[in-house]
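As structure tokens, the structure follows; a few thoughts come after it.
Chain naming here is simple, since letters A, B, ... match the order of the sequence lines and numbering starts at 1 in each. Every value quoted in this text rests on a predicted model; they were computed, and no experiment measured them.
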Number of protein chains: 2
Amino acid sequence: MGRKRTKSGKIRLAEVAELAGVSPITASRFFRNPEALSVAKRTRVESAAKELGYVPNLAARALASQRTEVIGVLIPSLTNNVFSDVLRGIYDASEGSRYSIQLSNTRYSILQEEKLLRLFLAQKPAGLIVTGIDQTAESRAMLEAADCPIVQIMEIGPNPVDMMIGFSHYDAARAAVAHLFAQGRRKIGFVGARMDPRVQRRLDGYVSAMKDAGLFEQRLVVTTATPTSVTLGGALFTDLLAREPDLDAVFCANDDLALGVLFECRRREIGVPEQIAIVGFNDLEFMASAVPTLTSVRTNRYEMGKTAAAMLIEAIEGRRPELPVLDLGFKVIERQSSSSRPSDNRPAVSGGGTANKMVALPSSHD
Amino acid sequence: MGRKRTKSGKIRLAEVAELAGVSPITASRFFRNPEALSVAKRTRVESAAKELGYVPNLAARALASQRTEVIGVLIPSLTNNVFSDVLRGIYDASEGSRYSIQLSNTRYSILQEEKLLRLFLAQKPAGLIVTGIDQTAESRAMLEAADCPIVQIMEIGPNPVDMMIGFSHYDAARAAVAHLFAQGRRKIGFVGARMDPRVQRRLDGYVSAMKDAGLFEQRLVVTTATPTSVTLGGALFTDLLAREPDLDAVFCANDDLALGVLFECRRREIGVPEQIAIVGFNDLEFMASAVPTLTSVRTNRYEMGKTAAAMLIEAIEGRRPELPVLDLGFKVIERQSSSSRPSDNRPAVSGGGTANKMVALPSSHD
DNA sequence: GTCGTTGCTGGTAGCGCTGTCAACGATCCT
DNA sequence: AGGATCGTTGACAGCGCTACCAGCAACGAC
């Protein structure tokens, strides 16, 4: 435990500097801004660091520089497949950068989000990624006062706190319903679970499209606050069918529900799409291999996460993006479950259905 | 920018101490070990901290105390549902504790794992959770030299580095095959993807069970290094069927593959379970609502993550668990897809199938 | 040739907190 | 009653790094 000069075998910046024959501060600069060093010293420090196996002490760095290299990420759920894709994108983009990801789960509670936000902000993160646009007033104020870049993900809307990347759930839902109209469906039910703000906006989109066509009826909508699941999809569909036996299509707020509806149809020997068409949301992998293959609205989740983190890192380093709001769009992927030609076997994804479209919308949907 | 004594409005421990009328070190102790303070000072510091809205500076704390309050978690995949359940458990257990989770993705590469481990260890984490028991020799050495508690999760095996929590994939696979034997199946195929060490051990279990029954044939095994997916399940099953048209059952290394096999059967109009029985692995939520419902091997993923983190935190705080190795077991959940009585509609989970069992095994499976 | 400019380097002084150890009063024991 | 013990408190000295600013050489402009 001889701790006077050499310390307990630990390699500090001072050791690297000594070996390289420079001052500690110069060695420090090598890691912070190598361009500022002369080439000679740069290589000397570099090889000294490598030789000693130097690893910087992040705590000391954070303390001295008064900022951390942590990107805080607030998402509402770890279970939801949708977020695991987004997260993967975020982690991929952060890899190789100096920033590390600090993840927290709001459990779909904006109060919990506010609490976590306060916690995060106190640690002076380098940047923040938050989900959605529905924060408490308090959260909103904290975000606006934060002196770090912030990206809101998952959806776009007016008044971004800083940057924003996502798509319009409202428009996506309208497009899904329009697709069903194009297939000649009229009595289109809506099945939704959890009813977080984004699902709510999908419902809003559905309602508006139905109203536009003069086909909206309240009893066509079945929702619950319960977390989503395949089983729940079957249960909600059962309810829906009891209310409206003449149903000819179901728009599901996500793919798990859609799969549940498909299984329930099979259980009841209801023909899909002959009797009932099914459209899901997110286009998870299994949708393309279900029997029949399931139509869904594709969203670019991985790309969203990756781009969000990349934008954030750029902004942290002072290179703000030209466009603070990015609309990643969506695409209705028409498959057998909603085809008007039931026996149609053409490739699902690239099928040129009339409703296939990739839109790039303005930030708000009015 | 007046930074001489009061600093830029920041609340430091010194401010709290001053307001409370104690020395900074006493205030510090309040957060570290409140029991050591007299009740009077404790309440004084507490109210002072609350009044000022004091938030400790973690960087300073880490620097001064030479340790962090970070739990490092190394998992091989963020996409896999299995890990999202485990992660949820880990995050749930860490919530409310002083520890924060630092997650890294090894992408199923033990070299990447080694690299990340080195990175983590350099930051002196409070504890570490690593996936599986197959580390490089170098990683193993680092783990053993680490001066923090470590939990290996997902499976159990001999020679734990420190603590270990999981179950025997080998035994679980044997149980699944035994269940199929009990249903009168003989030509049982194996379908596996990714073939990480745990899937490999499931294969080993399958092979040994088949050999024990004198039924093993190499052509019954179809595997690929490709990441798993529902679609892949269908494709691998197609291969399997081409090699062995008389197949009467398929044991899938995971549930996604099983779902793919189910869809493929439907596509080919193969009766499940009349012609072919299907058994999956993990018992994801959708297995119970598929048509027919799908038999699977239930694993306690959420509990595994939660217990792992809880054990780790206990160990960090000096309370080592009585048993360093915890076997969470598994359970074959018999459902319609593997029933010998195809039209059987009894509840899937609690069905008293002969192969239903919850085992608690010794740490290794020899 | 002198002056200012630029580019690079180093010294000083903390960042906010906690480990160590000494000091203090109160309680306990003989 | 005196000393030992315990529980509680505070002073001091950094933890390893970087912000700030000064210094110095090399260079170009006049």
Side-chain angles (χ1 to χ4, degrees), chain A residues 1-45 48-49 52-69 98 122-124 126, chain B residues 1-45 48-49 52-69 98 122-124 126:
Chain A
M1 310 279 173
R3 60 172 63 188
K4 204 61 271 181
R5 257 304 61 96
T6 44
K7 202 68 190 77
S8 52
K10 206 95 71 28
I11 305 300
R12 306 199 303 298
L13 193 53
E15 273 77 59
V16 176
E18 192 180 6
L19 179 61
V22 300
S23 71
I25 187 65
T26 300
S28 166
R29 266 190 283 261
F30 168 75
F31 294 100
R32 193 133 293 292
N33 180 18
E35 312 303 312
L37 294 197
S38 62
V39 180
K41 305 230 166 184
R42 200 186 307 172
T43 53
R44 288 238 297 287
V45 175
L52 296 172
Y54 171 71
V55 180
N57 180 320
L58 265 39
R61 183 180 283 178
L63 180 58
S65 67
Q66 297 286 70
R67 58 211 163 72
T68 63
E69 285 166 351
R98 67 197 317 153
Q123 300 311 325
K124 300 217 170 210
Chain B
M1 311 279 173
R3 58 173 62 186
K4 205 64 271 181
R5 255 306 59 96
T6 43
K7 200 73 190 72
S8 52
K10 206 95 72 29
I11 305 299
R12 304 199 304 297
L13 193 53
E15 272 78 59
V16 175
E18 192 180 8
L19 179 61
V22 300
S23 72
I25 188 64
T26 299
S28 166
R29 264 191 283 264
F30 168 75
F31 294 100
R32 194 132 292 292
N33 181 18
E35 312 304 313
L37 293 197
S38 64
V39 181
K41 305 231 166 181
R42 200 185 309 172
T43 53
R44 287 237 298 286
V45 175
L52 296 172
Y54 170 71
V55 180
N57 179 320
L58 264 37
R61 182 180 283 178
L63 181 59
S65 66
Q66 296 287 72
R67 59 210 161 71
T68 62
E69 286 167 349
R98 68 198 316 155
Q123 300 313 324
K124 300 218 171 213

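The side chain of A:S28 places an N or O atom within less than 4.0 Å of a non-bridging phosphate oxygen (OP1 or OP2) of D:dT18. Residue B:Q66 has no polar side-chain atom (N or O) positioned under 4.0 Å from OP1 or OP2 of C:dC17. Proximity of A:T26 to the phosphate of C:dG10: a side-chain N or O atom is located under 4.0 Å from OP1 or OP2.
With rounding to whole Å, B:R42 atom CZ is found 14 Å from D:dT9 atom C1'.
Counting non-hydrogen atoms under 4.0 angstrom, A:R67 reaches the backbone sugars and phosphates but no base.
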TODO: Apply ring-ring contact (aromatic ring centres under 6.0 Å, His included) to A:Y54 and A:F31, showing your working.
DONE: CA-CA 11 Å; A:Y54 171 71; A:F31 294 100; 5.3 Å; yes
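With hydrogens and angles disregarded, a donor-acceptor distance shorter than 3.5 Å links the side chain of B:T43 to the backbone of B:V39. In terms of modelled atom types and a separation under 3.5 Å, the side chain of A:T68 and the main chain of A:A62 share no donor-acceptor contact.
Residues A:T26 and A:L37 have side chains in contact (heavy-atom distance under 4.5 Å, counting atoms from C-beta outward). Residues B:Q123 and A:V55 are in side-chain contact: their nearest non-hydrogen atoms beyond the backbone lie under 4.5 Å apart. Under the 4.5 Å side-chain criterion, counting only non-hydrogen atoms from C-beta, A:K41 is not in contact with A:R29.
The nearest pair of heavy atoms linking A:L13 to A:A27 is CD1-CB, 3.7 Å. Annotation for B:V45 and B:V22: closest pair CG2-CG2, 3.9 Å, computed over non-hydrogen atoms.
Of the residues near DNA chain D, A:I25 and B:V22, the one whose nearest nucleotide (by heavy atom distance) lies more toward the 5' end is B:V22.
Residues from residues 55-65 of chain A with heavy atoms under 4.0 angstrom of DNA chain D, sorted by number: A:P56, A:N57, A:A60, A:R61, A:A64, A:S65. A heavy-atom distance below 4.0 Å to DNA chain C is reached by these residues of residues 29-37 of chain B, ordered by number: B:R32.
Closest approach to the B:Y54 side chain among C:dC17, D:dC17, D:dA19 is made by C:dC17 (side chain taken as heavy atoms from C-beta onward).
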